[in-house]
Amino acid sequence: MPNAIDVLLPLPLAPLTYLPPPQGDGPRVGQRVVVPWQAGVRIGVAVDVRMVDAGRGVELRHALHALEAHSWLAAPAIATIMGVARNSGLPAGLVLATLNPPGIQQELVHQVRLHEAAASYLLALGVEVAAELANLDEWSPAALLPAKALEALRKQGLVDERGVPAVPTRRVLAPVRPPDDDLEGARRLAQRIALERLLELGQVESATGLAADAEVSVSAVRTLVAKGYAEYQEVPEPEPPLLQPDQPHEPLPDAPAEFVPPAGDGAVVGGKRRTRLAALLPRLRADLKDGRSVLVLAPETGMASETAGLLSASLPVALLTGEATDRQRVRLWSELIGGGPQVLVGTYLALLAPLADLGRVVLIDAGSSAYKLQSGSRTLVSKAARALARAADAALTLLDVAAGPDLVTQVHAAARRDLPLPRLRLHVADLNGSGNWPVHPDLTRTLKQVVERERQAVILAPRRGYSGSLGCQDCGWQAPCPNCDLTLRYHRDEAMLRCHQCGHEERPPERCPACGGTHVGPLRGAGTQWVASQLRSSLGGFPVYRYDKDQREDVGQLLAGEPGIIVGTLSVLGLPPLPRLSLIGVTHFDTHLAAADFRSEEEATRTLLRLAELSGDRQPLLLVQTYSPEHELLEAFGAAEPAAALEVLLGRQLARRKRFGYPPFATLAKLQFSARDRGGALAAAQHAADALLTGGAGAEEVLGPASAPVERLKGRFLFQLLLRAPDEVRLENLLALVPQRYPGAKLAVDVDPRDVGALLE
């Protein structure tokens, strides 16, 4: 029986089976392999080598060749890809494309070489062979062959193919010959000076650049080109420099030995990010000394860059985020393969990196919802990282500002290191009965102290824009989105109503379309524009900056220590610590508590503690505006021992999740059905529910169908099913029962959903 290789392409497909390349050794698992694909070639990854029966072998095509002798992805990385695909019921190629290791979607130059009988065969088909293809010993561009002709030659085995990675080039000015007698004399002195300088440099970017460097006129350089002393050439682009971590202003402090995580699985909880990293540092040193590499993952680019900078003062650290170009990523990948022990810090793009002898995987901000990818396979990166650690037999270390339900069920209590929580001076401002909106009098008074003392403040608003809606104060009408079951958000600075889901925009009406009244204006639901506008008018010109998705004003002066106020959404959590921060204000805490997800209380806890991290080593006042001043979470933060009070709340959260069958005591998947008409979406969801129940799913495992929290988004109606399984294996079995085709409707699957109401696209 012949050998065959299963090749995974970065496409929504399962692995495809090919015969090994006709020449050379058979590919090994993890190698990048060039395979024929439609009328061209593509790069895939060999994920398995196995035997197939002889009949099957006759049907298969040959892979063309491997791009390098070594593996591009290590065995644990491949196991992670396949495991994520299996657990989510998605094609493994979609997971590969989403995690996007470098060099998989690299541009190839497709070349062919005809066999001796190819020309006569093509002539018999009525295809004229291009003259460039006549030399059977030379490789020629595949574009010279019509697609149908190439396919015919493939079937007959009359053509060799290869895909050569395209080499980026740039246009430079280079010398062709040295100066001679034609450049003698005073009139040609400038030309001679320019040529001699060009010979010294070897090449330059442009005639203008050479003229400036040689201090001659551009016309003198152009004359050199006209006379044939220099010419423009296409040369390979130089290797790009790797991303470099920013060097910290000061190194990490020494951590007491009792806070250092164990050599095996463990966690560091509490404190601030710098102190958590300081506790981790001795463990990473020990890993490198033992010859083991470490992968440190962060949920966001800014956090990864900050972490790399802090660790690089003490350790050899490489950085990999979305700010790197594909060429930079390919270079780093190549250097990691066969390299020594290394600490790699990055976002999800670093998950599959080929680190030598991976000994530890670290998750920074382990409970962050930002680990959930919002497109492609919608992978929960933190969960995939745990799978990678298991596959590599590596330790898993979790770092977070607070212990959440997932963390405490993953890490044994003895392996958890609890740092002191950031000290918060909490003040709760009761919005009930307060006539001031959106800034409570307590917040106004405190901000005036910030101004008088020339300090800094961060004010958290629940949304961007001016107001959550614009409406009529006479009849209650609110401006609706024509495509979504949502009101349009009011952006006063642009005088625009905008839907933050579908992007629809329109001008605000002067009169109410419902009653004709003229009292049309912003309603409650203040956004960053409203809060910033009110503060600018009440604080006498004190600097106020907006920081949200619509507008991120330059806050560099504040980072340098200048006084000012930042009004922003949760985007502010990505900022570095502010050196003179004395006040953190939350304008509407209830929006965080009322999020449509069972994690809302956990997320609200993490939000308050992460806001405190913006203060560095200072102890700012945290002023929270709320309609629920007696909420148990605020009472816990205001307790004499906040850490103990939060542990009590954590116990209650765990009890509720266990009672209702929520993670970490179950595994969830959201099935979302969308259609242009409501009946079509509901019928598709009901069909899937029936298929699940008749296939053996229990009634407690299939929740729904029900309309999504926002039933219509972007012109499509949404209905959902929620699958709840005791473990991943059972969830895989349930997903296998779900039909894949629905006339007039679309199905999208999201395993481990972080927002039960979000539109899946």
Inset, instruction - Using a 4.5 Å cut-off on heavy atoms from C-beta on, say whether the side chain of Leu398 contacts that of Val411. - result: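 With C-beta onward as the side chain, the pair touches.
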
What residues, two or more places apart in sequence or in another chain, satisfy side chain to side chain contact (heavy atoms under 4.5 Å, CB included) together with [X]?
{"X": "Ala370", "value": "Pro299, Glu300, Ser368"}
{"X": "Val317", "value": "Pro245, Ala308, Leu311, Ser312, Leu315, Val343, Val345"}
{"X": "Asp418", "value": "Val269, Arg416"}
{"X": "Arg390", "value": "Arg386, Ala387"}

Legend entry - Distance in Å, Asp752 CG paired with Thr379 OG1, rounded so as to fall on 0.5 Å steps: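 One finds 9.5 Å between CG of Asp752 and OG1 of Thr379.
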
Inset, instruction - Go through Gln105 and Asn100 one step at a time and tell me if the side chain to side chain contact (heavy atoms under 4.5 Å, CB included) criterion holds. - result: CA-CA 8 Å; Gln105 312 221 37; Asn100 195 22; 4.2 Å; yes

Legend entry - Sidechain-backbone polar pair: Lys658 side chain, Phe665 backbone, donor-acceptor under 3.5 Å: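 The answer is no, because no donor-acceptor pair under 3.5 Å joins these two groups.
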
Legend entry - Partners passing ring-ring contact (aromatic ring centres under 6.0 Å, His included) against Tyr662 (at least two apart in sequence or in another chain):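 Listed in chain order: Phe598.
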
Inset, instruction - Indicate yes or no: does Arg378 engage Asp750 in a salt bridge with an N to O separation below 4.0 Å. - result: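 Looking at Arg378 and Asp750, the cut-off is not met.
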
Inset, instruction - Not counting sequence neighbours, which residues clear salt bridge (Lys or Arg N to Asp or Glu O under 4.0 Å) with Arg42? List them please. - result: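 Applying salt bridge (Lys or Arg N to Asp or Glu O under 4.0 Å) to Arg42 gives none.
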
Legend entry - Side-chain H-bond candidate by donor/acceptor type, Arg730 with Thr667, under 3.5 Å: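 Side-chain D/A pair, Arg730 to Thr667: absent.
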
Inset, instruction - Would you kindly say whether Lys272 and Ser615 are connected by a side-chain donor-acceptor distance under 3.5 Å? - result: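 Note: Lys272 and Ser615 side chains meet the donor-acceptor criterion.
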
